[in-house]
Structure formats: C-alpha cells, structure tokens
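Along the sequence shown, residues carry numbers from 1.
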Amino acid sequence: EHLAAAWARATGGTAVSLRYHNVYGPGMPRDTPYAGVASFFRSALARGAAPRVFEDGRQRRDFVHVRDVAAANVVALEAGSAALPEGALTAYNTGSGDPHTVGEMARALAAAYGGPEPVVTGEYRLGDVRHITADSSRLRAELGWKPETGFAQGMREFADAGSRGA
C-alpha cells in the first residue's frame, strides 16, 4: 500500500487496495501458514481429526467467502479511476460484515462436513490477535459491493468442496 500510494502521489494516478479478511471457500490451499483457520479446520476434518480451536474459541473474525472477494476485485477494477481520487490510494476493507467466533466457524464446518466436534484447547499462539473484524461500509457505499454468500451457506459449500495441496 505504501508503494502504491507513493506512486499515485508522484504520478497523479489512482490506486486501490482491498484488505481481505478471513477468506475461505472452494479450492483453498491447505496446510500452509497462510491458508487461514478455515483451511486448517477443513484439512483436519478431511483427515478424520477434530478441528483444534485455540484459546476459548470466542475470538471474533470476519469470514468472507472467496466468491465475494472475487466480486469485490471485479467491482474495484470496473470502477475505474473516475470513481477514485487522483493522486491517492483508496483502501477498502473486504469482509462479510457479519463476524463469527472461531468456535462457531469450527462447529459449523464440522457439522456440515459430518466430522468430529471441534476441541477447544485453551492453548495460545504467540502474536495472535483476539478479535479481527472488518468494516466494509466504505466498499459498499463507494463501489456498491456487498457480500452475497451467507455464513451458513458458505460453510456448507466449503465443507463439500475440495482443497488443493500445499
């Protein structure tokens, strides 16, 4: 974002940044550090293991379906420079706007998959943030984007979908 903003200021151009929140959905990579908690839980279920939920499971996240993220990218591309201020970077949070706890997500995914109930470990990961949610109202207001895939529907779809290897 810093480089894009510097470029926009120097050239009078426009730049857009979409700040994705917890993206999940079909075709997610599995077993990589960048895959996200939904992918880790899906991989555990595919192995027949219970998803392991850290802390108390009440950490809030904004889970957003990959199809909605793709649509946000299309809207940003189609908006063109006319909708954006010249010489500036415009950043948009890209999330569902409907936060859920990590425990809720693990239970919904396990139920949809037909796998074992999640196990809440009480363990902590160094550097983890307790709550991370998105306010996507700017993206909605300025570019007309809105997520279409609800949490329950998205979890059912993700449970049935394959993932790709690391």
Side-chain angles (χ1 to χ4, degrees), residues 1-43 57-109 111-113 125 127-166:
E1 285 185 3
H2 291 292
L3 290 174
W7 171 85
R9 283 190 304 274
T11 65
T14 59
V16 172
S17 174
L18 296 180
R19 296 174 176 165
Y20 307 145
H21 281 258
N22 282 267
V23 181
Y24 72 94
M28 283 187 73
R30 63 170 197 251
D31 304 324
T32 73
Y34 306 105
V37 69
S39 184
F40 288 132
F41 292 168
R42 174 68 171 71
S43 293
R58 291 190 293 234
Q59 315 85 292
R60 283 191 311 277
R61 299 289 185 267
D62 192 321
F63 298 103
V64 59
H65 195 277
V66 68
R67 201 168 33 249
D68 291 326
V69 169
N73 279 275
V74 170
V75 166
L77 287 169
E78 290 178 346
S81 58
L84 303 169
E86 287 185 22
L89 170 100
T90 306
Y92 297 101
N93 286 333
T94 308
S96 69
D98 183 26
H100 289 270
T101 68
V102 172
E104 284 177 283
M105 190 273 294
R107 286 188 300 277
L109 189 58
Y113 191 85
R125 292 188 323 169
D128 234 358
V129 178
R130 179 75 174 159
H131 304 297
I132 304 172
T133 59
D135 178 357
S136 301
S137 59
R138 183 178 189 188
L139 180 57
R140 293 171 191 233
E142 293 180 12
L143 300 184
W145 171 86
K146 66 178 182 151
E148 299 290 333
T149 306
F151 180 76
Q153 173 195 348
M155 286 297 136
R156 285 190 305 271
E157 183 181 311
F158 185 43
D160 291 337
S163 54
R164 55 188 167 94

Grab the two heavy atoms, one from [X] and one from [Y], that are nearest each other, plus how far apart they are.
X: Val64; Y: Thr94; result: CG1-O, 3.8 Å
X: Asn22; Y: Arg61; result: ND2-CD, 3.5 Å
X: Arg9; Y: Gly87; result: CG-O, 3.5 Å
X: Gly154; Y: His65; result: CA-CD2, 3.9 Å
X: Gly95; Y: Pro147; result: O-CG, 4.3 Å
X: Ala76; Y: Val16; result: CB-CG1, 4.1 Å

Within a 6.0 Å radius of atom CZ on Arg58, are there more than 12 heavy atoms belonging to other residues, nucleotides or ligands?
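Not more than 12 within 6.0 Å, no.
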If you round to the nearest 0.5 Å, how far is [atom2] of [Y] from [atom1] of [X]?
X: Lys146; Y: Ser96; atom1: NZ; atom2: OG; value: 13.5 Å
X: Arg60; Y: Arg130; atom1: CZ; atom2: CZ; value: 8.0 Å
X: Ser39; Y: Leu109; atom1: OG; atom2: CG; value: 10.0 Å
X: His100; Y: Thr133; atom1: NE2; atom2: OG1; value: 12.0 Å
X: Ile132; Y: Asp62; atom1: CD1; atom2: CG; value: 10.5 Å
X: Arg140; Y: Asn93; atom1: CZ; atom2: CG; value: 11.5 Å

Would you mind listing every salt bridge (Lys or Arg N to Asp or Glu O under 4.0 Å) that reaches into residues 96-108, with sequence neighbours excluded?
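Pairs touching residues 96-108 that pass the test: none.
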Treating Trp145 as the side-chain partner and Asn73 as the backbone partner, does any N or O pair qualify as donor plus acceptor under 3.5 Å?
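No; judged by distance alone, with no hydrogens or angles, the pair does not exist.
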For Met155, is there any backbone N or O sitting under 3.5 Å from a side-chain donor or acceptor partner on Glu157?
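Answer holds: no.
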Suppose we screen for side chain to side chain contact (heavy atoms under 4.5 Å, CB included). Which residues come up paired with Ala38, at least two apart in sequence or across chains?
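Here the qualifying residues are Tyr24, Met105, Phe158.
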Derivation and outcome, side-chain contact (heavy atoms from CB on, under 4.5 Å), residues Val66 and Met28
CA-CA 9 Å; Val66 68; Met28 283 187 73; over 6 Å; no
